[in-house]
Structure formats: structure tokens, C-alpha cells
Number of protein chains: 2
Amino acid sequence: METFDLVIIGGGPGGLSAAIYAIRAKMNVVIIEKTGLGGQIAVTDIIENYLGFPSLSGADLVGHFETHVKSLGVPVKYALVEKITKEDGLFILSLGNEKVGAKSVIVGSGAEPSKLKIPGELEFTGRGVSTCATCDGPFYRGRDIAIVGGGDTAVKEAIYLSRLVKKIYLVHRRDSFRAEKILQERVLARPNVEFLWFHKAVEVKGDQSGVTALEVQDVRTEAVRALEVHGVFIFVGIVPNTAFVDCDKDAAGFIKTNEKMETSVPGLYAIGDCRVTPLRQVAVSVGEGAIAAVSAGDYVSELEGTAYAGKAKSK
Amino acid sequence: METFDLVIIGGGPGGLSAAIYAIRAKMNVVIIEKTGLGGQIAVTDIIENYLGFPSLSGADLVGHFETHVKSLGVPVKYALVEKITKEDGLFILSLGNEKVGAKSVIVGSGAEPSKLKIPGELEFTGRGVSTCATCDGPFYRGRDIAIVGGGDTAVKEAIYLSRLVKKIYLVHRRDSFRAEKILQERVLARPNVEFLWFHKAVEVKGDQSGVTALEVQDVRTEAVRALEVHGVFIFVGIVPNTAFVDCDKDAAGFIKTNEKMETSVPGLYAIGDCRVTPLRQVAVSVGEGAIAAVSAGDYVSELEGTAYAGKAKSK
């Protein structure tokens with residue numbers, strides 16, 4: 001079984017940043033990625049808020065990241081991590097029939113926004129359908145948009161977006177929000193938000209230019225109407241990819257860490273979107289990757305120190 | 001008095017990242033910088049660990065950052081903030097004779113490594129003299145270096161650097177370290193570290209190629225010897241630029257925050273090197289800037305919500 005000082009699970013921005021720090025610290029490191037490098041940004045239309053790159057496609061930004069990591073010779077292994085266990089202080093990662101050993105592990109396996117599973121949703125993702133207000137809101141200045149959802153995120157992002165866009169239709173299945181009371185009060189006070197209670201989204205319509213309308217249905221009367229909007233923001237939950245690892249998580253499955261990115265398991269770190277975090281952004285993941293790699297380096301260095309001390313004593 | 005939604009103090013990587021997030025959220029924002037944009041990296045020789053930029057000078061990286069921020073139209077004001085006070089929920093910043101108002105403030109005023117104040121130290125900074133092992137250590141693979149200092153940072157970085165370089169001379173004025181016991185044990189066990197107890201650094205020698213030697217003196221005998229090294233790492237403390245602001249700080253003056261970058265004062269945030277942080281790196285500051293700007297946006301939005309509710313009630 002091949003064994004590494006550090007295995008990084010996930011080749012998103014956080015994992016790639018961690019890899020740079022680890023290889024520069026001369027750690028024996030590998031990135032294990034299930035599909036392709038870049039994570040969520042690989043499928044992002046335009047990114048304008050990662051400092052140093054004014055405006056470029058997600059794919060282009062991933063290209064810059066990949067060039068950087070490959071220039072340092074970090075190996076990437078394409079495989080799905082099915083399970084992590086810890087035996088005698090060593091992590092064992094199960095990848096199908098193969099096993100890989102690791103003195104330390106950084107989990108940067110990301111999270112995925114839940115989908116509505118309605119026609120047009122996938123087709124227009126990145127061309128009017130978005131799941132990130134901070135990322136895409138500024139592209140809809142002075143235009144009309146719809147928001148789907150009624151939880152904290154939907155309401156919080158409606159408040160944020162109401163400062164940027166002309167008008168918002170807030171589409172929610174129920175007649176009240178699940179969001180915090182203070183958020184509810186604030187969104188209800190916004191002059192440019194129209195509330196469509198008891199409505200669900202049924203289809204995203206569009207053409208070559210992108211989204212042109214969102215069809216919604218009144219769940220009581222079943223009446224359907226089309227909202228003329230250029231953007232549809234969907235906030236109906238987010239699911240972390242963390243089922244393969246055992247450590248302290250919140251109710252939704254996001255991994256809990258301290259500010260050194262340490263989880264409840266010594267030698268195991270979590271970064272980026274799969275972590276309980278104040279903000280899911282490329283910039284944040286990149287910073288967390290750096291911190292986690294330094295923490296993992298300290299941990300492995302200490303392991304070696306302990307082993308050395310033990311050996312010295314037994315002589 | 002001109003009043004802003006957000007004033008960002010310091011145009012380093014953290015402040016610039018915060019500015020991008022704030023302006024995209026349509027906040028009325030200004031950066032106040034005392035000297036020039038970029039902070040510590042502006043005087044850094046080579047940077048290889050900010051994801052997306054494989055290897056470039058600090059000045060070139062600052063150029064990319066500046067282009068990004070200016071493309072979004074963020075104003076920069078060159079002035080020294082002498083004092084921040086808070087009156088009726090509004091921050092007042094004193095800049096000499098001028099005053100600026102702010103609904104929220106992000107402090108990203110940085111920190112400076114303490115200097116030895118010996119000949120050659122400034123001259124060879126960035127050409128062999130370094131205060132950051134994570135940044136510059138990898139440039140000394142297979143070479144000999146000296147480290148000056150005896151605290152936690154000096155000893156921790158000696159352990160880190162001992163994995164990269166051929167040999168380390170650890171120069172310390174006393175006969176024991178102030179560092180944590182476990183760190184001491186680990187550094188004493190490294191085979192390629194030679195300890196020069198009771199020694200102080202007296203001069204950095206070099207030529208066009210950079211550092212060639214560090215002259216050290218035995219404080220007991222006053223005997224001077226030259227250590228043939230290509231790198232001199234100085235870890236004798238770091239001082240944050242935080243005297244102008246009142247909020248909870250640690251004993252050394254670094255500002256305490258939670259993971260939303262909130263300080264003990266509502267509406268006041270701290271990011272980057274001036275903060276109590278696990279790691280002082282560009283990547284980390286950039287992530288923290290993003291978080292602080294979103295937190296400040298939420299705060300200002302809530303202020304406005306409160307004002308609105310108050311006004312509605314009084315009618």
C-alpha cells in the first residue's frame with residue numbers, strides 16, 4: 001500500500017492551494033479527485049471576485065490553478081474515496097479495490113447546491129440560472145430576477161440582491177419563511193421584492209441569450225404564470241460530500257473544524273465548501289487550504305518527532 | 001464630513017479583496033492606505049504560493065491586484081488613520097485635520113517583523129534576509145542558512161526549514177529557548193541544526209549575488225565568527241499596526257476576531273496580519289477580506305433595516 005505524508009481529497013481551489021503549500025514544505029503529497037480539477041468553479045460562467053483575476057471564465061481560472069500546481073509537480077490521482085478509516089495512527093483510504101495510506105488527510109470534497117429538477121434548470125445553469133448571489137448578483141444590475149426558496153439563504157440573498165437588481169420575485173411553496181425572524185422582517189421591508197406565496201417553480205424558459213422567464217404554479221389553484229426575468233437564483237439547500245468520512249459534523253453533514261482547520265480527528269483537516277464556514281467562495285477556500293496544509297505539516301512533523309523520541313527511549 | 005458604508009484601512013491583499021466584495025455588493029466603500037498598495041508583498045522578492053500565480057515578484061503580484069481593484073472603480077485615499085472613535089453608531093476616523101465617517105470599518109493594517117538593526121539587514125532583505133520561512137524556505141533547498149531568535153516562531157520555523165535546507169545555524173542570545181517544550185525537544189532532535197547559544201548576530205555580509213555570511217558574536221567572550229550561509233531568517237518578534245483602534249487584542253496587540261472577522265466592537269472587522277491568526281499569508285488575508293466584506297455588508301444592511309423600522313414606528 002502506497003503511503004503519503006498527506007492525502008488531499010478534492011482538487012477544488014482549496015485542495016490545490018493546500019497542495020502548493022504541502023509540496024513547498026517537501027511533504028510527500030497526492031491529490032485524489034473524482035472527476036476533474038477545479039471543483040464547482042470549473043462549471044462557473046464568469047468569476048470576478050478572486051483577487052488578481054479581474055474577470056474570466058471558471059474554466060480559465062482552473063487552467064491557471066492547474067498550471068501552478070503542475071509546475072510544482074504535485075501528483076493527481078483520479079479516483080473516488082469511498083471510506084476513510086484510521087488504524088494505528090495511519091489513515092487508510094479505500095478507493096474501490098485499491099487502498100492508500102496517509103499520515104494526514106485534508107478533506108476538500110466540496111458541496112453541491114440542491115436542484116429543483118425542473119425543465120430548463122440544467123440547460124440554463126451559468127446562463128441565467130445561479131445558486132450563488134455573491135458570485136453572480138452583480139451581473140443582474142437593473143434587471144428583474146426570480147429567487148426560489150424560503151430558508152435563511154434564500155431570504156438573506158434576496159436582501160443582498162434587492163440592492164443590486166431592479167425587481168425580485170420571491171417564489172416560495174409555503175405562506176411563511178423558515179428564515180430567522182430578523183431576516184424575514186428585513187426582506188418584507190424591501191420595496192422591490194414581490195412575494196409569490198404558495199408558488200412553486202415549474203420551468204425555466206430561455207433562448208440563445210439565456211433565461212427569459214420562470215414559469216411558476218400556484219400550488220392551491222394550479223394556475224401557471226410566467227415571470228419575465230433574466231435571472232433565476234435557486235436556494236433550496238446545499239449538500240456536502242462528506243458521507244465517506246467519520247468526524248464531528250453539523251446536522252446537514254458539514255464538517256466542523258477550528259480555525260486551524262482541525263476536525264475532531266487528529267491529523268484530519270477540512271476546508272472549503274464541505275466545512276461549516278461563514279462563506280463559500282474561491283478566495284476563502286484558497287486561504288483555508290494554506291492553513292490546513294501548514295497544520296498538517298506540523299502534525300506530521302510532530303508524529304515523526306514522537307516516533308524519534310520513542311525510539312531513543314527504547315534504546 | 002464624508003461618510004461611507006465601509007472604510008477599509010490598509011491596501012494589502014486582504015483589504016483589496018474586501019474592496020472587491022464590497023463594491024460588487026454596491027457598498028459605498030473607500031480604501032485608506034498610508035503608503036502604497038500591496039502591503040508587505042510589495043517589498044517581497046518572489047511569491048510562489050498564491051494559487052493561480054506560479055512564480056512572480058511581489059511588485060508584479062500587487063500590479064495584478066491593483067488592476068483588478070481599479071477595474072471595479074474602488075477609490076483609494078492616501079492618508080494615515082490616527083484614531084477611530086464611535087459616536088451614535090457611526091465610526092469617525094481621524095486623518096490628521098480631516099475626518100471621515102463610516103457605518104462599518106475593516107482593519108487590515110498589517111504587521112511588521114521586528115528588526116535586528118544590524119548592518120546589512122535592510123540591504124539584503126529579499127536577497128537572502130527573510131522573515132518568512134513558509135514564503136522563502138523553498139528557495140534555500142540544499143543550502144546553509146542561519147536563523148536568529150529563540151521564541152516559538154524561531155524554533156518552529158527551524159524545524160520546518162530543517163526539512164528543506166542542508167544545514168541550519170540557530171543563533172540565540174541565551175542558553176535556552178523561550179519556545180514551547182515540545183518544540184524545543186523537536187528542534188534539538190534535528191540532525192542538521194547547530195545551536196549557537198549565547199550568540200548574537202552582528203552583521204549580514206554579502207555581494208551582488210546576495211547574502212554570503214552572517215557574522216555572530218559570543219556575548220560572553222565577545223569573540224566574532226562568520227557563518228558561511230546564503231540565507232538569514234530573522235524571527236525576533238512581529239508588531240501589529242493596531243495602536244489607532246480600541247477593541248479586544250492579545251498581549252502583543254493583535255486584534256481578536258471570530259470566524260466572521262467580527263471584533264469586540266459591532267461593525268468593526270479585522271483581517272490579515274494584524275489579526276490573531278493561525279497563518280500570515282497572502283492567500284489567508286484574501287479569504288479573510290472576502291468574509292469581512294460580506295459580514296460588513298450584512299451589518300450595514302441590518303443598520304438600515306433598523307433605521308427603517310425605527311422610522312416606521314415614529315410615524
Side-chain angles (χ1 to χ4, degrees), chain A residues 13 16-17 20-21 23-27 48-55 61 64-65 67-69 71-72 134 137-138 141 156 159-160 163-164 182 185-186 189 258-261 276-279 281-291 294-295 297-298 301-302 304-306 308-309 312, chain B residues 13 16-17 20-21 23-27 48-55 61 64-65 67-72 134 137-138 141 156 159-160 163-164 182 185-186 189-190 258-261 277-279 281-291 294-295 297-298 301-302 304-305 308-309 312:
Chain A
L16 297 176
S17 180
I20 288 171
Y21 275 78
I23 201 108
R24 278 173 52 87
K26 247 183 151 174
M27 294 180 87
E48 296 190 335
N49 54 16
Y50 178 63
L51 185 63
F53 295 96
S55 181
L61 187 56
H64 288 289
F65 290 175
T67 302
H68 192 170
V69 170
S71 75
L72 295 169
T134 309
R141 288 230 167 103
K156 194 182 150 182
I159 296 163
Y160 169 83
R163 294 197 302 239
L164 299 177
I182 184 148
E185 282 170 5
R186 280 158 57 193
N258 61 16
E259 68 166 13
K260 289 183 176 175
M261 305 303 137
V276 178
T277 172
L279 188 66
Q281 289 284 291
V282 171
V284 176
S285 297
V286 167
E288 293 178 354
I291 294 169
V294 171
S295 295
D298 287 347
S301 175
E302 195 165 339
E304 287 164 1
T306 308
Y308 180 94
Chain B
L16 297 176
S17 180
I20 289 172
Y21 275 78
I23 201 107
R24 279 172 52 88
K26 246 183 152 173
M27 294 179 88
E48 296 191 334
N49 55 16
Y50 179 63
L51 185 64
F53 295 96
S55 182
L61 187 57
H64 288 289
F65 290 175
T67 301
H68 192 171
V69 170
K70 296 209 163 150
S71 76
L72 295 168
T134 309
R141 288 229 168 104
K156 195 181 150 185
I159 296 163
Y160 169 81
R163 293 195 302 237
L164 299 177
I182 184 150
E185 282 170 4
R186 280 158 58 193
R190 304 302 295 185
N258 62 17
E259 68 166 13
K260 289 180 175 175
M261 305 303 137
T277 172
L279 188 66
Q281 289 284 291
V282 172
V284 176
S285 297
V286 167
E288 292 178 356
I291 293 168
V294 171
S295 296
D298 287 348
S301 175
E302 195 164 338
E304 286 164 2
Y308 180 94

*Non-hydrogen atoms of chain A under 4.5 Å away: do they reach the side chain of L16(B), the backbone, both or neither?*
both
Structural part of [X] lying under 4.5 Å from a heavy atom of chain B:
{"X": "V286(A)", "answer": "both"}
{"X": "S71(A)", "answer": "side chain"}
{"X": "F65(A)", "answer": "both"}
{"X": "L164(A)", "answer": "both"}
{"X": "I159(A)", "answer": "side chain"}
{"X": "S295(A)", "answer": "neither"}
{"X": "E48(A)", "answer": "both"}

*In terms of heavy-atom pairs under 4.5 Å with chain A, which of G52(B), A283(B), P13(B) leads?*
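Sorted descending by pairs with chain A, the first entry is G52(B).
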*Nearest-0.5 Å distance, CG of residue L51(B) to CG of residue L61(A)*: 7.5 Å
*Which pair of non-hydrogen atoms, one from K26(B) and one from R163(A), has the smallest distance, and what is that distance?*
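In terms of heavy atoms, the two residues are closest at CD-O, 3.1 Å.
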*Please tell me if the side chains of E259(A) and E259(B) come closer than 4.5 Å, counting only heavy atoms from C-beta onward.*
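With C-beta onward as the side chain, the pair stays apart.
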Interface residue of largest heavy-atom contact number with chain B, from [options], under 4.5 Å:
{"options": "A25(A), S285(A), P54(A)", "value": "P54(A)"}
{"options": "E288(A), H64(A), H68(A)", "value": "H68(A)"}
{"options": "I20(A), V294(A), N49(A)", "value": "N49(A)"}

